[in-house]
Amino acid sequence: MNEKTAFKPCDLVIFGALGDLSRRKLLISLYRLEKANLIEADTRIVGIDQHEWDDPGFVEIIHNSLQEFLNETIDEEIWARYSARFSYLKMDLTQLDQYQRLRSVINGSSRVMVNYFAVAPFLFTNICQGLAKSGVLNEESRMVMEKPIGHDLKSSKEINDAVAEVFSESQVFRIDHYLGKETVLNLLALRFANSIFTTNWNHNTIDHIQITVAEEVGIEGRWDYFDKTGQLRDMLQNHLLQILTFVAMEPPVNLEAQSIRNEKIKVLSALRPITRENAKQKTVRGLYSAGEINGKPVPGYLEEEGANTESTTESFVALKVAIDNWRWAGVPFYLRTGKRMKFKRTEIVVNFKQQPHNIFKESFADLPSNKLIIHLQPREGVEIQILNKIPGIDENIKLQKTKLDLSFSDIFKNSKIFGGYEKLVLEAMRGNPTLFLSREEIEQAWTWIDSIQDAWAHMDAVPAPYAAGTWGPKAADKLIARDERAWEEEPEE
Ligand code: BG6
């Protein structure tokens, strides 16, 4: 490990080590970091959960998780190094006295204790209190927590208050895994390192911006969680708003965490509220019915295992959003996200304004405007749609729509593109807060989302149905069509 990537060894303590998040994401990401030689040699990983296991039993579970979720063959040499880091502690996280057990593993070592809360939020307070009581924490200790941080402003404040009693804000690392995605970070580079974009990034040149986070998956056996949450809280409150802040923020003075956070908060606080008065014009809710994805039939939301057939929870949301500041005056942002859509696609489409006068009527009665499409996943890249003359010696100049296409995997062949978790887990171990959310950001986001939830609670309408495997309800097309615009056409996969 070179000097730049070196960091203090950690005791990474995973609360909820046998849970879904840990098995599907965390343990897999840590293995990938191990493989990339990015985990400090003396770092240890302690798994905590309520089930009775010994260390070898826990290690076997990790091996099984890798086999299930890694999507590549486990390298025996890496595995030997990786598996040697683990130990397991059985604990009932609601019993504060049991946190004393941590003393046997965190025994005043010189490692930094990084506590990863991979559990349901109702346990966050218990864990904080238990850790405080056990006496294992010091001012270098950190805590990492994931969404959902509450389900509204009030509950998120309660969680943040409970955490603040034990950890100072600088010790708290709140994860939104989208901030670890390569292309989200690349937005900073694209916008602030390239003058071609910097100078054109405002209401003078941009007509509107679309952000789409379409998911192919349904609710993956999480009916209980999802039905209480809905797509607005599950995806939009966090992932889409985070993407929006990176697209819309002013240039930060540098790349320090505080500078970036300040700019993001300004965007969140400039979001025009969606209220009971305007929610009908600005929002669409959808719910998937049975359909087909990749040629296979899939059930509707209300037919999923464990479903309450009376549910009116939304699995799709489309919003028209305004940002009330100088840069974005009059530029709408259209956001949409849904489960069980035709295929997985996360992208930002920046639609530039049309030319004021068309001298190419022979080719286009209505001259198409330029677009910058930023593909976040599954195929990371940047594409610019331009008009070009078709080569030839005809008397008339004929134009054709073409694109400059930059696919990251083609251009950066030798660089591995990691998923969001690898980056974030690593940064949490390194103690770099730049990619994590501040309390203020989360609370601003909830304030804005609560107003939408309130408007929906006072509406008669229920979510509009859409067949699984489509791009959402017709009402979402109408939302944007009312402004004489259309969602970016989805190319067939
Ligand atoms: C999670 C949501 O935060 O993000 C899930 O809880 C969703 O419902 C997932 O499926 C999507 O993440 P990604 O990285 O696959 O786009």
Side-chain angles (χ1 to χ4, degrees), residues 16 19-26 28-29 32 69-71 116-121 144-151 156 173-187 211-244 246 285-288 293-294 298 301 304-307 311 313-317 335-348 374-380 408 417-425 435-437 441-442 445-446 449 468 472 493:
D20 222 40
L21 171 64
S22 168
R23 290 180 53 251
R24 278 172 189 264
K25 302 271 189 186
L26 259 175
I28 311 299
S29 306
R32 293 203 178 106
F69 302 114
L70 182 63
N71 290 331
Y116 202 114
F117 290 24
V119 293
V144 184
M145 64 175 160
E146 293 243 359
K147 64 167 269 279
I149 299 175
H151 53 88
S156 105
F173 289 69
R174 297 179 189 84
I175 286 197
D176 181 314
H177 77 275
Y178 270 54
L179 292 193
K181 291 190 192 278
E182 193 56 49
T183 18
V184 176
L185 282 182
N186 192 44
L187 282 169
I211 300 175
T212 294
V213 182
E215 299 187 84
E216 213 174 84
V217 293
I219 45 170
E220 308 277 273
R222 299 184 303 160
W223 211 89
D224 237 18
Y225 157 77
F226 189 82
D227 199 56
K228 286 191 207 100
T229 310
Q231 192 75 351
L232 181 73
R233 292 178 172 128
D234 185 47
M235 293 293 290
L236 205 135
Q237 187 270 348
N238 34 75
H239 308 323
L240 276 89
L241 284 188
Q242 282 301 315
I243 298 175
L244 177 73
F246 274 83
R285 283 179 290 169
L287 186 63
Y288 63 86
I293 294 189
N294 290 329
V298 294
Y301 181 76
E304 294 276 8
E305 206 185 316
S311 171
T313 299
E314 80 289 348
S315 62
F316 173 96
V317 192
L335 273 45
R336 65 176 170 165
T337 177
K339 304 242 183 280
R340 285 286 189 226
M341 297 184 69
K342 192 155 183 187
F343 35 72
K344 186 174 175 76
R345 174 169 304 265
T346 302
E347 68 186 17
I348 303 160
I374 303 162
H375 300 284
L376 275 77
Q377 57 184 17
R379 186 183 69 91
E380 292 96 345
F408 291 179
I417 299 180
F418 284 102
Y421 269 95
E422 285 87 351
K423 174 88 179 148
L424 294 172
V425 173
L435 298 178
F436 298 85
L437 308 183
E441 268 178 86
I442 304 246
W446 275 125
I449 293 290
E493 290 277 285

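We count ligands from 1, going down the list as the structure has it; atoms in each ligand are counted the same way. Because only heavy atoms are used, hydrogens play no part in the values below, and waters and symmetry mates are left out as well, while side chains stay in. Remember, predicted model here, so these are calculated numbers, not experimental data.
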- Query: Heavy atoms only: which of K147, H177, R222 is nearest to atom 12 (O) of ligand 1?
  - Reply: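 The nearest heavy atom belongs to H177.
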- Query: If hydrogens are left out, which of H239, R233, K344 has an atom nearest to atom 13 (P) of ligand 1, that is, the closest non-hydrogen atom?
  - Reply: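 Minimum heavy-atom distance to atom 13 (P) of ligand 1 goes to K344.
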- Should R345 and E347 count as an ion pair when the cut-off is N to O under 4.0 Å?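 Salt bridge present between R345 and E347.
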- Message: Salt bridge or not between K147 and D234? Use side-chain N to carboxylate O under 4.0 Å.
- Response: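 Yes, this pair counts.
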- Query: Given side chains that start at C-beta, do those of Y288 and V298 come closer than 4.5 Å, heavy atoms only?
  - Reply: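 In short, these two side chains do not touch, never coming nearer than 4.5 Å.
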- Message: Quiz question: by atom type and distance under 3.5 Å, do the side chains of Y225 and E220 form a donor-acceptor pair?
- Response: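 No pair is found: no donor N or O on one side chain lies under 3.5 Å from an acceptor on the other.
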- Query: Does the side chain of N294 come under 3.5 Å of the side chain of E216 through a donor N or O and an acceptor N or O?
  - Reply: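 Short answer, yes.
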Could you list which atoms of ligand 1 come closer than 4.0 Å to a heavy atom of [X]?
X: K339; answer: 5 (C), 7 (C), 8 (O), 10 (O)
X: M235; answer: 2 (C), 4 (O), 7 (C)
X: D234; answer: 2 (C), 5 (C), 6 (O), 8 (O)

- With a 4.0 Å cut-off on heavy atoms, is E220 touching ligand 1?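 It does not; every heavy atom stays at 4.0 Å or beyond.
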- Message: Here's a test for you: under side-chain contact (heavy atoms from CB on, under 4.5 Å), which of T183, L335, I211 qualifies with I243?
- Response: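 Among T183, L335, I211, the one meeting side-chain contact (heavy atoms from CB on, under 4.5 Å) with I243 is I211.
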- Query: Which bit of Y178 is near ligand 1, meaning a heavy atom under 4.0 Å away: side chain, backbone, both or neither?
  - Reply: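 Y178 to ligand 1: side-chain contact only, backbone stays beyond 4.0 Å.
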- Message: Is it the case that ligand 1 has an N or O less than 3.5 angstrom from some N or O of E215?
- Response: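 For ligand 1, there is an N or O atom that lies under 3.5 Å from one belonging to E215.
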